[in-house]
Amino acid sequence: MRKRFLLWPLLLAVSASSALLGVLAADLSKEPFTIRISCGSFDDVHTAPTNTLWYRDFGYTGGRFANATRPSFIVPPLKTLRYFPLSDGPENCYYINNVPNGHYQVRLFFALVADPNLDSEPIFDVSVEGTLFSSLLSGWSSDDEKTFAEALVFVQHSSLSICFHSTGHGDPSILSIEVLQIDDNAYKFGSLWGKGTVLRTTKRLTCGSGKPAFDEDLNGIHWGGDRFWLGLKTLSSSSDDQPISTENVIAETLLAPNFYPQSMYQSAIVGTDRQPTLSFEMDVTPNKNYSVWLHFAEIDNGITAEEQRVFDVLINGDTAFKDIDIIRMTGERFTALVLNKTVAVSGTTLKITLQPVEGTHAIVSAIEVFDIIPAEMKTLTQEVTALRTLKGSLGLPLRFGWNGDPCIPQQHPWSGVDCQFDNTKRQWVIDGLNFSGNSIKGNIPLSLGTIPGLRVLDLSFNELNGSIPESLGQLTSLQTLNLNGNDLSGRVPASLGGRPLHRVRFNFTDNAGLCGIPGLRECGPHLSVAAKIGMAFGVLVAFLFLVVFAACWWKRRQNIIRGQKLAAAREAPYAKSRTQFTRDVQMGKHHRPHETSPRGGNNESSPHLLS
């Protein structure tokens with residue numbers, strides 16, 4: 001029997017796993033960060049069979065609550081969901097903060113709103129940290145594998161955003177979110193791997209058992225996440241292959257960095273004399289790279305030594321691995337072997353063929369396929385901050401959405417926002433803003449002047465008032481500025497009005513209060529804000545002085561009038577006679593001292609006392 005020694009690339013996977021086990025051993029003493037959210041739930045929930053804890057949905061996002069209809073048996077038995085009406089905007093996100101930096105398995109389960117009036121399933125896209133990784137297409141609710149989406153992603157800024165992008169067909173609805181920390185080196189597939197990539201789980205199969213399963217037998221080690229394996233009993237439509245299984249202990253399982261469970265190697269599908277070759281075919285998105293992981297263990301009682309089972313692995317007809325002899329490569333039976341290959345696929349099909357040599361039969365325990373997605377570069381932080389400030393200042397309509405990152409995923413930029421990639425900064429920058437005809441009220445925010453790369457700003461035909469802020473003059477790249485059709489007033493800043501008109505289009509018309517440039521009315525003397533405040537204060541002081549002066553004048557006038565009235569009263573004839581009579585009486589009392597007092601004599605002219 002011929003021997004071919006081309007096995008060194010294959011042994012790399014086994015030796016690397018063994019080496020990394022020692023690296024991570026110290027970390028196994030601590031639990032990885034884990035959070036599971038029951039979307040739409042007001043209370044924490046526990047689910048069988050492992051009494052899994054799902055946290056209540058509070059403070060992560062907007063949207064609406066509703067009861068859920070579970071479309072598949074693999075979906076967690078949760079009763080509520082959260083959905084996002086298109087009227088609330090096309091982009092809606094969960095923001096999960098205080099997440100330790102590291103590598104994470106992010107898994108989402110979807111469901112339908114339990115409403116008899118909604119007889120159609122929503123169609124929408126899903127992104128994580130700005131990278132689009134899943135699209136729910138028509139028919140997803142009737143396909144078990146499409147009722148959830150999973151990605152492996154790096155968290156670098158202690159927070160995680162998961163966004164749902166409407167395509168205009170129904171309201172995106174989400175049943176649950178799981179964020180599970182895994183080993184930093186998990187699924188390290190080669191030179192393309194790293195923080196600049198996102199791995200989307202395209203297929204995960206356990207062969208031979210026919211039973212779907214989660215990673216429930218990890219012996220308390222949770223650094224492998226919680227993978228879902230769809231069970232297959234056969235790879236052939238004609239069932240010419242056969243399933244086998246064992247209860248023997250499998251060596252080399254639960255090793256860092258992937259921590260595969262033992263159970264997935266205790267069953268397998270093997271070829272037969274009638275069909276010695278095994279093949280598996282799946283639909284994929286063309287012109288993309290895929291990471292293929294193949295799992296083996298020799299559990300067949302008929303194979304006890306080297307060279308009794310040897311086969312090649314072909315992917316889309318190209319040889320990926322040659323002369324695979326599991327016992328030779330692992331050293332013994334009942335020992336796990338993991339092989340990984342990155343392939344570029346130009347068509348819509350990925351086909352894996354296990355082709356035996358020299359009269360033997362092929363075998364396979366499990367298959368994993370990941371879509372390698374380059375992570376999107378994010379928008380410049382200060383410009384994202386400026387737009388979020390702008391959103392609050394302008395009071396943009398709810399239908400704008402404006403959640404997540406303004407420029408990514410590239411398939412779903414924010415409404416009214418144009419972006420351009422800056423090759424020097426390796427980040428996206430805001431290139432244009434178009435809010436024309438949206439009934440926006442209030443002043444033009446100063447924060448607009450902090451977006452230096454802005455070339456187009458269109459705020460025309462709204463209800464903006466106040467003056468044009470001087471900060472717009474800082475936009476030196478601005479080529480188009482449309483402020484026409486508003487209620488703006490005051491002088492157009494010199495930094496805008498005096499700018500050369502070559503290749504620049506500025507429109508300030510239909511603002512009755514604007515002035516100061518050709519085409520608009522002339523302005524009066526231009527006063528600074530301080531001068532205007534001083535003038536207003538002077539007017540107020542003068543007004544108070546006039547009020548006090550008027551009050552004093554009125555009081556004095558009243559006193560004069562009262563004095564004149566008294567003088568006039570003394571000059572009247574009746575008053576004169578009364579005065580003369582009074583004076584005569586008083587004079588008589590002073591000039592008749594000889595008269596006897598009424599009590600001292602019998603004078604007849606004195607008054608008599610009456611009894």
Side-chain angles (χ1 to χ4, degrees), residues 37-43 45 54-72 75-76 78-96 106 108-128 130 132-142 146-149 160-177 387-388 390-392 394-417 434-435 437-441:
I37 302 171
S38 176
C39 300
S41 177
F42 292 96
D43 302 296
V45 179
W54 303 83
Y55 290 104
R56 67 191 180 113
D57 187 0
F58 177 77
Y60 299 108
T61 187
R64 318 287 173 84
F65 302 101
N67 291 326
T69 298
R70 296 168 58 211
S72 169
V75 173
L78 302 171
K79 298 180 179 179
T80 61
L81 58 73
R82 187 186 285 269
Y83 71 100
F84 303 97
L86 184 58
S87 59
D88 288 359
E91 292 87 34
N92 290 275
C93 304
Y94 271 78
Y95 297 102
I96 304 174
V106 177
L108 316 171
F109 278 98
F110 309 105
L112 301 175
V113 176
D115 186 342
N117 297 320
L118 297 176
D119 56 357
S120 62
E121 60 186 4
I123 298 174
F124 56 96
D125 295 335
V126 184
S127 67
V128 59
L132 183 71
F133 77 96
S134 180
S135 296
L136 277 75
L137 305 177
S138 178
W140 68 263
S141 61
S142 57
K146 295 179 180 177
T147 57
F148 73 96
L160 183 70
S161 64
I162 303 168
C163 299
F164 307 95
H165 309 274
S166 174
T167 61
H169 302 280
D171 301 327
S173 55
I174 175 72
L175 182 82
S176 64
I177 295 176
L387 286 193
R388 288 177 176 165
L390 184 67
K391 176 183 178 181
L394 290 179
L396 294 179
L398 193 61
R399 56 183 169 78
F400 268 65
W402 276 33
N403 295 300
D405 189 288
C407 302
I408 59 173
Q410 295 180 53
Q411 301 88 336
H412 298 282
W414 284 2
S415 299
V417 177
N434 182 359
F435 304 134
N438 281 286
S439 301
I440 300 172
K441 300 179 175 64

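Being a predicted model, the structure only gives us computed values, none of them experimental. Heavy atoms only: backbone and side chains are in, while hydrogens, waters and symmetry mates are out.
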Starting at CG of L136, measure out to OG1 of T167 and round the result to the nearest 0.5 Å.
9.5 Å

Salt bridge (charged side-chain N to carboxylate O under 4.0 Å, His left out) involving K79 - partner list, sequence neighbours excluded
none

Restricting to salt bridge (charged side-chain N to carboxylate O under 4.0 Å, His left out), what partner residues turn up for D405, sequence neighbours left out?
none

Partners of W54 by side-chain hydrogen bond (donor to acceptor under 3.5 Å, both in side chains), sequence neighbours excluded?
T47

Rounded to the nearest 0.5 Å, what separation is found between the CG atom of L86 and the NE2 atom of H169?
10.5 Å

Please check if the side chain of D57 supplies one atom and the backbone of G40 the other of a donor-acceptor pair under 3.5 Å.
yes

Taking only residues at least two apart or on different chains, which pairs with a member in residues 59-70 satisfy side chain to side chain donor-acceptor pair (under 3.5 Å)?
R64-D88

Shortest non-hydrogen pair, E121 vs S138, comes out as OE2-C, 3.1 Å

Value for CD1 (I174) from CZ (F109), rounded to nearest 0.5 Å, stands at 9.5 Å

Please test D125 against S135 for side-chain hydrogen bond (donor to acceptor under 3.5 Å, both in side chains), starting from the C-alpha separation and ending with a verdict.
CA-CA 4 Å; D125 295 335; S135 296; 2.8 Å; yes

Who pairs with F65 by ring-ring contact (aromatic ring centres under 6.0 Å, His included), at least two apart in sequence or on another chain?
F42

More than 12 heavy atoms from other groups under 6.0 Å of NZ on K146:
no

Those residues that, when tested against N438, pass side-chain contact (heavy atoms from CB on, under 4.5 Å) (two or more places apart)
R399, F400, F435, I440, N462

Tell me, please, which residues at least two apart from A68 pass side-chain contact (heavy atoms from CB on, under 4.5 Å).
L81, A111, L175

Tell me if a side-chain donor or acceptor on W402 pairs with a main-chain N or O of W414 at a distance below 3.5 Å.
no

Contacts of S439 that satisfy side-chain contact (heavy atoms from CB on, under 4.5 Å) - sequence neighbours left out
E463

Listed by chain and number, what are the side-chain contact (heavy atoms from CB on, under 4.5 Å) partners of P122, not counting sequence neighbours?
L112, F124, W140, S173

Under the ring-ring contact (aromatic ring centres under 6.0 Å, His included) test, which residues partner Y94, sequence neighbours left out?
none

Test of understanding: with ring-ring contact (aromatic ring centres under 6.0 Å, His included), list the residues that count as partners of Y83, not counting sequence neighbours.
none

Side-chain (S41) to main-chain (Y55) donor-acceptor, under 3.5 angstrom
no

Heavy atoms, side chains only, cut-off 4.5 Å: are H165 and P90 in contact?
no

Disulfide bond (SG atoms under 2.5 Å apart) filter on C163, not counting sequence neighbours, yields C93

